[in-house]
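Whatever order the structure lists them in is the order used to number ligands and atoms, beginning at 1.
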Amino acid sequence: MSETLVVVGNGMAAARLVDELTKSARGRYAGAVRGDEARRAYNRVLLSSVLAGETASHDIELKPAAWWRDHGVTLKFGCVATEIDVGRRELKIANEESIAFSRLVLATGSTPLRLNVPGADLAGVHTFRDSRDVDLLLTLAVRKKRVVVVGGGLLGLEAAYGLAKAGAPVTLVHLMDRLMERQLDAPAAELLKSLVERKGIEILLNANTARLHGETRVEGVELTDGRRIDAAAVIFAAGIRPNVTLAKDAGIPVNRGIIVDDYLQTGAPDIFALGECAEHRGICYGLVEPAYEQARILARHLAGGAASYGGSVVATNLKVSGVSVFSAGDFMGADGTETIVLNDARHGTYKKLVISDGRLTGAVLVGDVGDALWYLELIRSRQPIARIRNRMMFGRSLTLPSEAA
Ligand SMILES: Cc1cc2nc3c(=O)[nH]c(=O)nc-3n(C[C@H](O)[C@H](O)[C@H](O)COP(=O)(O)OP(=O)(O)OC[C@H]3O[C@@H](n4cnc5c(N)ncnc54)[C@H](O)[C@@H]3O)c2cc1C
């Protein structure tokens with residue numbers, strides 16, 4: 001008889017794990033997935049495109065109902081897992097019976113943070129995480145009143161771009177002195193800022209939100225330097241917090257995320273975690289690639305194969321507010337590293353390669369990201385680059401013409 005594998009969360013990591021399991025452990029598990037959102041798993045990354053009107057919401061679904069059915073997985077959405085009984089191996093679902101499991105996987109993702117400032121709970125203050133948020137942001141945009149987005153990371157920029165494209169005047173306020181400071185160095189961030197501003201989005205840097213004004217509805221944002229921006233709505237895009245409560249309440253060790261070892265196993269037997277809710281060697285990843293890598297490894301492990309996870313080399317390879325951006329590895333260039341830079345602001349292109357001990361260790365690209373995956377492969381493989389060093393800035397086809405031909 002097959003064992004019962006229960007997955008909590010019906011997001012990107014969960015869907016990929018089940019997909020991998022159908023290949024590597026076919027027939028071994030009877031799968032049950034429970035997710036609290038009101039729809040089947042979808043590509044969350046594409047919510048930005050839905051907001052920008054470039055993709056229809058129904059087109060971002062990852063697997064149709066028939067796929068789950070045909071693979072013998074009972075998927076129920078719109079239901080919240082409320083408690084894990086580790087000893088009895090049972091998962092409790094709100095308003096439903098408990099489900100017995102032989103193995104349990106937590107794939108509960110993250111929750112957006114709301115800044116702890118006066119006015120943060122006023123009506124008209126929102127976040128950007130799921131399909132419902134997008135529906136709400138689209139209704140805001142059609143009112144054509146100013147929206148302030150707090151946070152100049154990926155999500156803030158995506159929210160600002162989508163809202164602006166949908167017709168709202170947008171001001172983006174960011175605490176730091178440059179956009180996407182965790183992915184970009186100063187010249188790349190400066191170029192991104194000018195390209196985003198060309199799309200009509202106002203950007204304020206070194207802008208620390210002090211409070212939100214309004215009686216019951218938000219009317220404006222006040223910064224600590226006294227500046228005030230009128231706003232009919234405010235979107236917080238200032239970070240995420242892994243969803244750990246379910247694990248923590250069950251006595252499973254958590255830190256910022258649910259602590260997992262190299263087999264994605266939590267501190268409880270036969271209970272695993274992956275994706276944004278998991279913390280591996282002190283790192284909670286906030287991107288989809290590491291979640292997919294973890295799904296691959298965990299599926300192999302659950303299938304009885306030998307596989308362990310050593311962490312991910314994180315790369316950012318995205319279109320931010322319509323601008324292509326890539327960064328990976330030590331993109332800042334630590335002491336003792338060499339850098340090669342090409343900066344063509346007029347054509348909206350910036351490239352920086354970081355070299356250490358004769359190997360490529362980091363890269364930043366803005367505008368032209370055609371060679372991003374090649375650079376990423378060089379960083380990941382740690383292969384010596386002395387032979388190609390002088391040409392590699394100009395891309396793969398000019399560096400390795402015989403391979404490109
Ligand atoms: C707008 C947007 C744009 C993004 N763009 C990019 C990008 O360009 N590149 C990139 O790499 N990453 C991007 N990300 C991040 C990426 O979407 C996440 O890293 C990825 O979705 C993580 O997958 P996950 O399964 O861990 O979490 P999620 O996809 O969030 O899935 C977790 C699911 O579990 C559910 N859940 C939580 N608790 C419970 C419970 N108790 N019971 C039942 N269900 C529960 C949640 O509601 C959610 O549906 C973006 C995110 C957003 C919001």
Side-chain angles (χ1 to χ4, degrees), residues 6-18 32-52 55 60 62 75-84 91-96 99 104-112 127-134 137 149 151 153-163 180 183 235-237 239-250 257-258 260 264 273-279 284-295 298 312 314-321 324-328:
V6 177
V7 183
V8 184
N10 180 28
M12 298 190 76
R16 181 54 72 97
L17 175 70
V18 175
V33 178
R34 296 293 183 269
D36 63 4
E37 286 188 65
R39 60 182 291 189
R40 277 182 289 278
Y42 54 88
N43 186 337
R44 197 173 302 283
V45 170
L46 290 179
L47 284 180
S48 311
S49 307
V50 176
L51 181 62
T55 308
I60 66 173
L62 289 171
L75 164 69
K76 286 195 188 167
F77 47 89
C79 44
V80 188
T82 51
E83 196 185 326
I84 305 164
L91 177 74
K92 295 195 177 128
I93 308 289
N95 307 322
E96 211 196 294
I99 313 175
L104 177 71
V105 178
L106 303 174
T108 49
S110 303
T111 302
T127 53
F128 181 28
R129 177 75 194 176
D130 59 30
S131 244
R132 272 174 325 177
D133 294 334
V134 171
L137 298 192
V149 175
L154 162 71
L155 285 188
L157 284 158
E158 295 283 89
Y161 176 64
L163 286 160
M180 292 186 73
Q183 289 91 7
I235 316 300
F236 280 137
I240 51 174
R241 188 184 51 234
N243 290 325
V244 301
T245 312
L246 192 62
K248 190 174 173 198
D249 290 351
I258 304 167
V260 294
L264 285 316
L274 84 167
E276 283 192 357
C277 68
E279 177 175 325
C284 297
Y285 296 97
L287 293 168
V288 77
E289 263 316 308
Y292 281 181
E293 214 173 325
Q294 293 170 359
L298 181 54
S312 298
V314 182
T316 305
N317 192 6
L318 343 137
K319 252 201 152 95
V320 186
S321 293
S324 296
V325 171
F326 167 80
S327 88

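At a 4.0 Å heavy-atom cut-off, ligand 1 does not touch Y285 at all. When non-hydrogen atoms are compared, ligand 1 lies under 4.0 Å from the side chain of L318 (C-beta onward) but not from its backbone. The side chain of V8, and not its backbone, has at least one atom closer than 4.0 Å to an atom of ligand 1 (non-hydrogen atoms only; side chain from C-beta on). Contacts between E158 and ligand 1 below 4.0 angstrom, taking non-hydrogen atoms only, are absent altogether. If you look at A41 next to ligand 1, there are no close heavy atoms at all, none under 4.0 Å. Of all the heavy atoms of L155, the ones lying under 4.0 Å from any atom of ligand 1 belong exclusively to the side chain. No part of D130 comes within 4.0 Å of ligand 1, judged by heavy-atom distances.
Note: M12 CE to Y42 OH = 10.0 Å, rounded to the nearest 0.5 Å. Taken to the nearest 0.5 Å, the CG atom of L46 stands 12.5 Å off from the CG atom of L51. To the nearest 0.5 angstrom, Y285 atom OH is 10.5 Å from E279 atom CD. Atom CG in L75 sits 5.0 Å away from atom CG in N10 (nearest 0.5 Å). Rounded to the nearest 0.5 angstrom, N243 CG and T111 OG1 are separated by 3.5 Å. Rounded to the nearest 0.5 Å, atoms NZ (K76) and CD1 (I93) are 8.5 Å apart.
Under 4.0 Å is where a charged nitrogen must lie from a carboxylate oxygen, and between E276 and R44 no such pair does.
The protein atom (non-hydrogen) at minimum distance from atom 47 (O) of ligand 1 is D36 OD1, 2.4 Å. Counting only heavy atoms of the protein, atom 42 (N) of ligand 1 lies nearest to A81 N, 2.9 Å. Of the protein's heavy atoms, G11 CA, 3.2 Å lies nearest to atom 31 (O) of ligand 1. When only non-hydrogen protein atoms are considered, atom 21 (O) of ligand 1 lies nearest to M12 SD, 3.4 Å. Considering only non-hydrogen protein atoms, atom 19 (O) of ligand 1 sits nearest to E276 OE2, 2.6 Å.
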Query raised in the report: When you look at V314 and L287, which way does the side chain to side chain contact (heavy atoms under 4.5 Å, CB included) test go after all the steps?
Result: CA-CA 8 Å; V314 182; L287 293 168; 3.2 Å; yes
Requested in this report: Show the numbers, then the answer: is there a side chain to side chain contact (heavy atoms under 4.5 Å, CB included) between L163 and I235?
Outcome: CA-CA 10 Å; L163 286 160; I235 316 300; 4.0 Å; yes
**Report entry** Criterion side chain to side chain contact (heavy atoms under 4.5 Å, CB included) on V134 and F128, from CA distance to verdict
**Finding:** CA-CA 7 Å; V134 171; F128 181 28; 3.7 Å; yes
Query - Verdict with supporting geometry, I99 and R34, side chain to side chain contact (heavy atoms under 4.5 Å, CB included) - result: CA-CA 10 Å; I99 313 175; R34 296 293 183 269; 3.5 Å; yes
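The minimum heavy-atom distance between A295 and A13, with the atom names listed, is CB-O, 4.2 Å. Closest heavy-atom contact between L318 and M180: CD1-CE, 4.3 Å. Taking each heavy atom of C277 and L106 in turn, the nearest pair found is SG-O, 3.5 Å. Closest of all the heavy-atom pairs between A41 and A15 is CB-CB, 4.0 Å. In terms of heavy-atom proximity, G257 sits nearest to C284 at N-SG, 3.6 Å.
Within the 3.5 Å criterion, the main-chain N or O of Q183 finds a donor-acceptor partner in the side chain of S327.
Heavy-atom proximity to A13, at under 4.0 Å, picks out these atoms of ligand 1: 23 (O), 24 (P), 25 (O), 26 (O). Within ligand 1, the atoms closer than 4.0 Å to a non-hydrogen atom of C79 are 43 (C), numbered from 1 in the order shown. The ligand atoms of ligand 1 that sit less than 4.0 angstrom from a heavy atom of R129 are 27 (O), 28 (P), 30 (O), 53 (C). In the vicinity of G286, heavy-atom distances shorter than 4.0 Å reach the ligand 1 atoms 15 (C), 19 (O). Annotation for ligand 1: atoms under 4.0 Å from non-hydrogen atoms of G275 are 26 (O). Every atom of ligand 1 with a heavy atom of S48 under 4.0 Å away is listed here by number and element: 1 (C), 3 (C). The distance from ligand 1 to the heavy atoms of A107 drops below 4.0 Å at these ligand atoms: 32 (C), 33 (C), 34 (O). Heavy-atom contacts of G35 reach the following atoms of ligand 1: 43 (C), 44 (N) (cutoff under 4.0 Å).
Selection from L287, V325, V50, T127 by nearest heavy atom to atom 10 (C) of ligand 1 gives L287. Closest heavy-atom approach to atom 27 (O) of ligand 1 within the set G9, S49, G109: this belongs to G109. The closest non-hydrogen atom to atom 14 (N) of ligand 1, taken over V288, V45, L91, I240, comes from V45. When the heavy atoms of L106, T108, T245 are ranked by distance to atom 38 (N) of ligand 1, first place goes to T108.
The distance criterion of under 3.5 Å between nitrogen or oxygen atoms is met by E37 with respect to ligand 1. Checked by distance only, ligand 1 and V80 stay at 3.5 Å or farther apart across all their nitrogen or oxygen atoms. Here's the thing with R44: one of its N/O atoms is less than 3.5 angstrom from an N/O atom of ligand 1. Taking only nitrogen or oxygen atoms, main chain and side chain alike, A291 does not reach within less than 3.5 Å of ligand 1. The shortest N or O to N or O distance between E289 and ligand 1 is not below 3.5 Å.
Residue contacts with ligand 1: I93 is excluded, as none of its non-hydrogen atoms falls under 4.0 Å.
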